[in-house]
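Let me begin by presenting the structure, written as structure tokens, before commenting on it.
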Amino acid sequence: MNSKKLIGYILMTLAGITFLLYLTFPFLNLPAENKLLIIAGTYIINKVFFYSALYLLGKQIIVKIASYLPTWAERLIFRLLKVQKVATN
């Protein structure tokens, strides 16, 4: 596994963890002024991790996800992103 792919998976894992934190922070018993700051910071960090992971993993995730869509949507995505469909045996 090359380092770019490994870093992408690590960033996607961190995005999942920060998403769960983002969902749980509103229910914690924190002071009001700190709660909003922590939730906003967690949301921003989550987006940075998620979009960085998508940038690094890129086309391989899109190809895997597009295979579950209807054929017209799959063709549209592949045409817009200029990705070739991977043939499996």
Side-chain angles (χ1 to χ4, degrees):
M1 181 181 290
N2 59 12
S3 62
K4 188 177 182 182
K5 196 174 187 182
L6 179 65
I7 292 171
Y9 285 130
I10 291 171
L11 286 172
M12 190 62 80
T13 304
L14 289 173
I17 292 169
T18 55
F19 180 72
L20 291 175
L21 288 174
Y22 170 71
L23 291 178
T24 58
F25 277 145
F27 300 109
L28 294 178
N29 200 8
L30 300 172
E33 64 273 356
N34 291 340
K35 187 183 282 190
L36 184 61
L37 183 64
I38 290 172
I39 292 170
T42 308
Y43 178 77
I44 291 170
I45 291 171
N46 179 22
K47 293 304 171 194
V48 168
F49 286 153
F50 181 70
Y51 289 119
S52 299
L54 278 184
Y55 177 76
L56 290 175
L57 296 175
K59 293 180 182 178
Q60 61 187 349
I61 288 178
I62 293 167
V63 169
K64 287 180 184 177
I65 291 172
S67 65
Y68 296 108
L69 296 174
T71 55
W72 63 269
E74 183 181 10
R75 278 188 250 135
L76 178 68
I77 289 173
F78 289 155
R79 189 178 59 210
L80 289 174
L81 298 174
K82 298 176 183 165
V83 177
Q84 297 294 323
K85 184 173 181 176
V86 178
T88 57
N89 293 335

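- Checked against ring pair (Phe, Tyr, Trp, His ring centres under 6.0 Å), Y22 has the following partners two or more places apart in sequence or in another chain: Y43.
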Which pairs would a plain distance check flag for residues 45-53, meaning a side-chain donor or acceptor within less than 3.5 Å of a matching protein atom at least two apart in sequence or in another chain?
unit_1 : atom_1 : unit_2 : atom_2 : d
N46    : OD1    : T18    : OG1    : 3.3
S52    : OG     : V48    : O      : 2.7

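- Neither F25 nor L36 shares a network with the other; the hydrophobic side chains, linked directly or stepwise wherever heavy atoms of I, L, V, M, F, W or Y lie under 4.5 Å apart, form separate groups for each.
- Under the side chain to side chain contact (heavy atoms under 4.5 Å, CB included) criterion, L23 pairs with F19, not counting sequence neighbours.
- Among all heavy-atom pairs drawn from K5 and L57, the shortest one is O-CD2, 3.8 Å.
- Counting all heavy atoms, side chain and backbone alike, I38 lies closest to T42 at O-OG1, 2.7 Å.
- Scored by the side chain to side chain contact (heavy atoms under 4.5 Å, CB included) test, I7 finds L11, L56 as partners (sequence neighbours excluded).
- In this view, I10 and L6, L14 satisfy the side chain to side chain contact (heavy atoms under 4.5 Å, CB included) rule, not counting sequence neighbours.
- Taking CD1 of I44 as the start and CD1 of I39 as the end, the distance is 12.5 Å to the nearest 0.5 Å.
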